[in-house]
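So that the names make sense, note that chain A is the first sequence line, chain B the second, and so on, each numbered from 1.
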Protein chains: 2
Amino acid sequence: MTKRPADSANASAPTRQVPMRDFSRSLPMSLLRAREAVMRQFRPKLREHGLTEQQWRILRALASIEAAEVTELARTAFLLGPSLSRILRDLEARNLIERKTAKADQRRSMVSISKEGVKLMASVAPSSEAIYAEITQRFGARKLAELQEMLGQLELCLAFPDAGDDVTDET
Amino acid sequence: MTKRPADSANASAPTRQVPMRDFSRSLPMSLLRAREAVMRQFRPKLREHGLTEQQWRILRALASIEAAEVTELARTAFLLGPSLSRILRDLEARNLIERKTAKADQRRSMVSISKEGVKLMASVAPSSEAIYAEITQRFGARKLAELQEMLGQLELCLAFPDAGDDVTDET
DNA sequence: CGCATTCACTTAACATGTTAAGTATCTTCG
DNA sequence: CGAAGATACTTAACATGTTAAGTGAATGCG
């Protein structure tokens with residue numbers, strides 16, 4: 001047994017100059033853990049169909065918009081360009097999507113979901129929706145809506161530093 | 001009485017068999033976007049010091065617990081074993097952490113932060129805390145606490161499917 | 001004691017996150 | 001027209017996420 005720091009409560013380790021918040025209670029960690037808890041519900045089912053989370057995001061995004069430019073798709077699926085580029089290459093090789101360069105502007109390529117992609121989506125969507133329904137029921141629909149509202153506000157107030165957000169209860 | 005939403009109102013896109021929720025409003029996306037919005041505040045400062053988000057998590061975890069086994073550290077920093085293994089190798093090469101195998105059990109290795117690691121933390125922590133304070137102020141301290149509470153509940157009710165959580169009124 | 005099993009990591013392999021650099025196309029303006 | 005700059009991706013390089021397999025050390029049990 002090596003020597004322990006003065007074992008008072010856990011708030012005062014002598015080696016630290018700057019006392020930081022309890023690590024596990026930081027906002028990024030809370031968000032990460034919550035998201036992981038949610039994704040853990042979906043991943044096995046997606047995996048059964050040979051899809052990763054991101055590939056599934058892309059297919060879903062495409063299914064709802066018919067066709068889109070790569071940049072637009074990146075924004076919708078919340079992926080960075082390079083990631084999307086790789087994934088589209090793979091999805092195209094699997095014939096789940098189709099690409100054709102726009103006539104008006106040769107730089108842009110229009111991406112759309114293929115028949116096979118639609119079929120795959122149809123085979124996964126029911127399970128996916130069932131899982132989501134289960135989560136909603138477990139957590140509570142109202143609470144879930146509340147949570148999403150707060151997440152949206154958080155995103156907004158960080159994205160636009162000048163937007164005053166409707167906090168009001170704090171000075 | 002959980003009745004499936006009759007798909008009369010929202011089955012508008014001709015290519016879709018199964019109407020899915022609006023993509024951008026799914027819980028995983030909300031969590032991802034919120035977390036990204038938060039991390040975007042921290043990343044530049046960490047980068048200035050040559051640290052990634054995960055490396056910073058590990059240093060913070062180590063700073064508060066003196067020494068830990070790898071498995072324990074993985075749990076604390078919320079990293080998978082393989083990721084942690086790689087990162088520890090790099091941090092050790094940079095002399096930010098130290099490792100020694102436990103005497104009692106040669107399989108385990110005890111990881112601790114080095115003097116240099118402590119120094120690095122001391123140089124980053126103030127900025128990090130300042131950023132966190134800014135976020136707290138912008139979003140509102142009370143609201144932030146509320147949000148974290150909900151995130152914790154979400155995590156719990158998904159981790160332990162039998163735990164009844166205090167879910168509203170559903171029977 | 002011997003050997004299968006478990007345990008605590010580590011490596012490997014593939015996919016994505018993240019930043020920087022590259023390429024081809026389009027636009028602007030002299 | 002034509003060179004400079006902007007735009008829409010794509011590649012490259014490195015770090016991490018994720019699953020599976022490997023390695024060496026304890027443990028259980030006949």
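- Across all strands, B:Arg99 comes closer than 4.0 Å only to sugar-phosphate atoms, never to a base (heavy-atom distances).
- With values rounded to the nearest 0.5 angstrom, B:Leu120 atom CG is found 4.5 Å from B:Ser123 atom OG.
- A donor-acceptor contact shorter than 3.5 Å is absent between the side chain of A:Arg108 and the backbone of A:Ala102.
- Partners of B:Gln41 by side chain to side chain contact (heavy atoms under 4.5 Å, CB included), not counting sequence neighbours, listed by chain and number: A:Leu158, B:Ile131, B:Ile135.
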Polar atom pairs (N or O), protein with nucleotides 5-8 of chain C, under 3.5 Å:
residue	atom	partner	partner atom	Å
C:dC7	O4'	B:Arg107	NH1	3.3
C:dC7	O2	B:Arg107	NH1	3.0
C:dA8	OP1	B:Arg108	NH1	3.4
C:dA8	OP1	B:Arg108	NH2	3.0

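- Taking the charged nitrogens against the carboxylate oxygens, B:Arg43 and B:Glu36 do have a contact shorter than 4.0 Å, which makes a salt bridge.
- Looking at A:Glu48 and A:Lys45, a side-chain N of the basic residue comes within less than 4.0 Å of a carboxylate O on the acidic one, giving a salt bridge.
- In this view, A:Arg47 satisfies the side chain to side chain contact (heavy atoms under 4.5 Å, CB included) rule with no residue, not counting sequence neighbours.
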message: Walk along nucleotides 11-22 of chain D from 5' to 3' and tag each nucleotide B, S or - by protein heavy-atom contact under 4.0 Å, base first, then sugar-phosphate.
response: BBB-SBBBBB--
Donor-acceptor pairs under 3.5 angstrom involving side-chain atoms of residues 72-87 of chain B: please list them, not counting sequence neighbours.
residue	atom	partner	partner atom	Å
B:Thr76	OG1	B:Glu72	O	3.0
B:Ser83	OG	B:Arg86	NH2	3.3

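- Here the side chain of A:Tyr132 pairs no donor or acceptor atom with the backbone of B:Ser26 at under 3.5 angstrom.
- Between the A:Ser114 side chain and the A:Asn95 main chain, a donor and an acceptor come within less than 3.5 Å of each other.
- Between B:Arg142 and B:Glu146 no salt bridge is recorded (no basic side-chain N to carboxylate O distance below 4.0 Å).
- Fit an axis to the five pairs at each end of the helix from C:dC1-D:dG30 to C:dG30-D:dC1 and the two axes sit 0° apart, to the nearest 10 degrees.
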